[in-house]
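One structure is given here, and the rest of the page talks about it.
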Amino acid sequence: DKSEPITSRGMDIFGNLLTFNSTLNKETGARYLFDNTRANGVHTFHAQRMPEFSFLLLNALLGFTGFEVTTSSSFFYDPAAVSAHVNAGKVYDYYKRVFNRDSLDNNGMKLISTVHVGEKWNNAGWNGKQMIYGDGDGQLMISTSGGMDVIGHEMTHGVITHTADLIYEGESGALNESLADIMGSFIENKTGDDLWLLGEDIYTPNIPGDGLRDMKDPGSVPLSGYTETGYYPDHYNDRYLGEKDNGGVHINSSINNKAAHLITEGGTHYGVTVNGIGKQKAEKIFYRTLTHYLTASSNFSDMRQAAVQAARDLYPDRNGEPSVEVQAVMAAYDAVGVH
Ligand SMILES: CCC(=O)Oc1c(C)cccc1C(=O)O
Ligand SMILES: [Ca+2]
Ligand SMILES: [Zn+2]
């Protein structure tokens, strides 16, 4: 075979010089962003800023994944591609290390990312088969593949597809979004309040400290992205009941996000006090909830019951009393009004 694994270097979108796995064509000397050391490959492509609808159409109809990112030297000159490639490898490593999950399907499926989708597209996504990243318009967003939590979020959509496959609308869709936010944030693993911000590294480059969403204080972020007045909800009674955003999947996700924050760090919310149990336990509870109990049509009440059960499996009752972990889950869902 004419191709062999080789390490290459390149800068990510923040100017960090990184070393990563790639593939060399020995005959031509060309290198490709194909890391064949993980699963059946972590392969990164570019769409040369094609309009997103045409990329998505060609992808859906013909399985077109874009153009190969290649270089004739040992250096790759596409920062957005380097960021997507390296971050995808990190997300693969997280799921393998923490949950012994081999790729999104737990069967070593190839991880495909395509960057430069659309023209100044303020979006990232999972299209059911692969991750896609826009470059942003430079004001609202910059290359979305630069966000470790964004990539963790997109790839967790892939894990969800291969597990509960939560229907992407209404309450099940909000749970899909929330679990992607929760795992994306845990994978990025920042400290302090930054742990709870989504997309902060690639959002509004001219405004420090803000994010697409805030899991600790959802109500601090205006709903401007969805042309709704108001702020993200942090209680079930304030959930969005409109039609926009597939019935508010990126809006009502904040209610479950707040529950996840309370389970992890604790706090008093609408008069309900939760004693936090930390990230290591929280991530196990959410992963077990997703992989053992949730189904495609699960709603918020199902989520509460599933999370309580997952917590009970992992941290059983003691002398007939719920463990502190189970108590934290119950109290957190009480605090956000989900019963
Ligand atoms: C935190 C990751 C995220 O929200 O990605 C999206 C963006 C940036 C725009 C539109 C949709 C998504 C998504 O993956 O839901
Ligand atoms: Ca973040
Ligand atoms: Zn999402």
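- Both cation-pi conditions hold for Arg239 and Tyr236: the charged atom is under 6.0 angstrom from the six-membered ring centre and inside a 45 degree cone around its axis.
- No close placement of the Tyr333 and His339 rings is indicated, their centers lying 6.0 Å or farther apart.
- Between Arg38 and Asp35 there is a salt bridge, since a side-chain N of the basic residue sits under 4.0 Å from a carboxylate O of the acidic one.
- Under a 3.5 Å cut-off, the side chain of Thr71 and the backbone N or O of Arg31 do not form any donor-acceptor pair.
- Remark: side-chain polar atoms of Glu200 are not paired, donor with acceptor, to backbone N or O of Gly211 under 3.5 angstrom.
- Between the side chains of Thr273 and Thr268, at least one donor N or O lies within less than 3.5 Å of an accepting N or O.
- With respect to the salt-bridge test (charged N to carboxylate O, under 4.0 angstrom), the residues Arg312 and Asp317 qualify.
- Other residues, nucleotides and ligands contribute over 12 non-hydrogen atoms within 6.0 Å of the CD atom of Glu4.
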Item to complete: Assess whether ring-ring contact (aromatic ring centres under 6.0 Å, His included) is satisfied between Tyr133 and His116, documenting all intermediate values.
Response: CA-CA 6 Å; Tyr133 300 100; His116 303 311; over 10 Å; no
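- By the 4.0 Å N-to-carboxylate-O rule, Asp193 lies close enough to Lys216 to be salt-bridged with it.
- Counting heavy-atom neighbours within 6.0 Å of Asn106 CG, excluding the residue itself, gives a total above 12.
- If you take CG on Leu198 and CG on Asp214, they are separated by 8.5 Å, rounding to the nearest 0.5 Å.
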